[in-house]
Amino acid sequence: MTYTPRKPTILSRTPWWLLAIALLFVLGLWGITADTTYSQIFRALSGGVITTVWVTIIAFAAATALGLLIAIARTSQHRVLREVSTFYVEIIRGIPVLVFLFYVAFVGAPGLVVAINWLLQPFDAAITVRQFDFVWRAILALTVCYSAFIAEIFRAGIESVDRGQIEAARALGFSRWKCFRLVTFPQALRNILPPLANDFVSMVKDSALVSALGVQDITQLGKVYSSGTFLFFETYNVVAFLYLTMTISLSLLVRLLERHLRENTR
């Protein structure tokens, strides 16, 4: 007697976790629009969304560019480049983001201002530490921190490409740069994109740490509003709702991207 597998039903294929999230979102949105207190809190915090998104996009774009350069150095045949880039990655990844944020804001930024003033001496110009806005200090810290993690993503993607294809391209007379640009990187990109997108979602959450520097993001505005009104429960409900809306939406887009890449590689 042969076993015939059951055909999947609509109920078995239904992502109940997604329906639960959708229900939670609808309830949260209804609570914000129907309740006057929640509506006021939402309006007070909505300006922080722009700051959060802006800081995240700028820092992630810079971290991606820097991470790619570090990954290229880590896969280089020159030992000095490999050793220096590996040292950078291991040191940066070993420091908590919040600690590094404080270090850049209160140690690195003044040191950078001193270096810039030294370069500006021939032009009889100078800048002060106060002119180095805390938003840009936060962006610099997130850029450096995430560049180390992104560099490892790029490195893993580059090393996943079949070595035989690289050797074949070299045998055809391709230079190292042309081989990387036309053969290695396009193939590595498929493996890189999903974890890179996940890192972007993580940065959206870690951007809340910039509130420790007084940057007017969602978390900081929530902290200020709740301390003035003592509506801690309601305020942080809205803060959580805003972050969940952004991160879950991005996570769903990452899932769609992964599915699209899997279907194209079949």
Side-chain angles (χ1 to χ4, degrees), residues 53-97 99-101 103-104 108 138-170 172 174-207 209-210 246-247 250-266:
V53 172
W54 184 74
V55 167
T56 303
I57 290 175
I58 297 298
F60 190 78
T64 301
L66 181 57
L68 177 58
L69 293 177
I70 296 168
I72 293 173
R74 287 208 68 187
T75 55
S76 172
Q77 293 184 344
H78 297 284
R79 183 174 180 181
V80 174
L81 288 177
R82 289 201 311 272
E83 295 291 341
V84 171
S85 58
T86 302
F87 175 82
Y88 174 90
V89 169
E90 296 300 328
I91 291 295
I92 297 301
R93 290 199 306 170
I95 302 174
V97 178
V99 174
F100 196 80
L101 195 71
Y103 189 87
V104 169
I139 289 174
L140 177 60
L142 290 175
T143 297
V144 175
C145 279
Y146 268 81
S147 66
F149 295 97
I150 291 173
E152 287 297 276
I153 294 174
F154 277 118
R155 182 186 63 82
I158 291 169
E159 292 180 348
S160 69
V161 178
D162 185 12
R163 190 69 187 173
Q165 297 188 37
I166 300 173
E167 292 174 355
R170 294 287 293 163
L172 291 173
F174 282 28
S175 64
R176 293 187 185 279
W177 167 244
K178 191 174 181 180
C179 180
F180 176 81
R181 183 168 56 89
L182 299 179
V183 179
T184 306
F185 191 69
Q187 295 185 67
L189 198 59
R190 287 185 175 182
N191 297 327
I192 289 169
L193 282 178
L196 198 62
N198 282 321
D199 261 20
F200 182 75
V201 177
S202 297
M203 185 179 279
V204 171
K205 293 184 291 183
D206 282 345
S207 68
L209 295 174
V210 305
M246 291 189 291
T247 56
L250 291 170
S251 296
L252 291 175
L253 289 176
V254 172
R255 286 175 178 268
L256 291 175
L257 175 63
E258 290 176 345
R259 182 181 299 176
H260 176 72
L261 292 174
R262 279 199 305 268
E263 292 174 352
N264 285 350
T265 52
R266 288 177 183 174

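For the single chain, residues carry numbers from 1 onward in sequence order. Note that the coordinates shown come from a computational prediction; the quantities given were computed from them, not determined experimentally.
Residues in residues 87-97 take part in these salt bridge (charged side-chain N to carboxylate O under 4.0 Å, His left out) pairs, two or more places apart or across chains: Glu90-Arg93.
For Glu159, the salt bridge (Lys or Arg N to Asp or Glu O under 4.0 Å) partners at least two apart in sequence or on another chain are Arg155. Ile58 is linked by a side chain to side chain contact (heavy atoms under 4.5 Å, CB included) to Trp54, Trp136, Ile139, counting only residues two or more places apart in sequence or in another chain. Residues passing the salt bridge (Lys or Arg N to Asp or Glu O under 4.0 Å) test with Arg82: none are found, sequence neighbours excluded.
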Between Ile92 and Phe149, does the side-chain contact (heavy atoms from CB on, under 4.5 Å) criterion hold? Intermediate values first, please. CA-CA 9 Å; Ile92 297 301; Phe149 295 97; 5.7 Å; no
Does the side-chain contact (heavy atoms from CB on, under 4.5 Å) test come out yes or no for Asp206 and Tyr146, once each step is laid out? CA-CA 10 Å; Asp206 282 345; Tyr146 268 81; 2.5 Å; yes
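Taking CZ of Phe100 as the start and CG of Leu142 as the end, the distance is 10.0 Å to the nearest 0.5 Å.
Shown here for Val210 and Ala138, the closest heavy-atom pair between the two residues is CG1-CB, 3.5 Å.
The shortest distance between side-chain heavy atoms of Val144 and Val104 does not fall below 4.5 Å. Side chains of Phe154 and Ile150 form a contact here, defined as non-hydrogen atoms less than 4.5 Å apart.
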Show the atom names and distances, to 0.1 Å, of all donor-acceptor pairs under 3.5 Å that link a side chain in residues 68-75 to residues at least two apart or in another chain.
residue, atom, partner, partner atom, Å
Arg74, NE, Thr86, OG1, 3.2
Arg74, NH1, Glu152, OE1, 3.3
Arg74, NH1, Glu152, OE2, 2.3
Arg74, NH2, Thr86, OG1, 3.4
Thr75, OG1, Ala71, O, 3.0
Thr75, OG1, Ile72, O, 3.2

Using distance only, find each side-chain donor-acceptor pair of residues 194-204 under 3.5 Å and give its atom names and separation, not counting sequence neighbours.
residue, atom, partner, partner atom, Å
Asn198, ND2, Pro194, O, 3.3
Ser202, OG, Asn198, O, 3.2

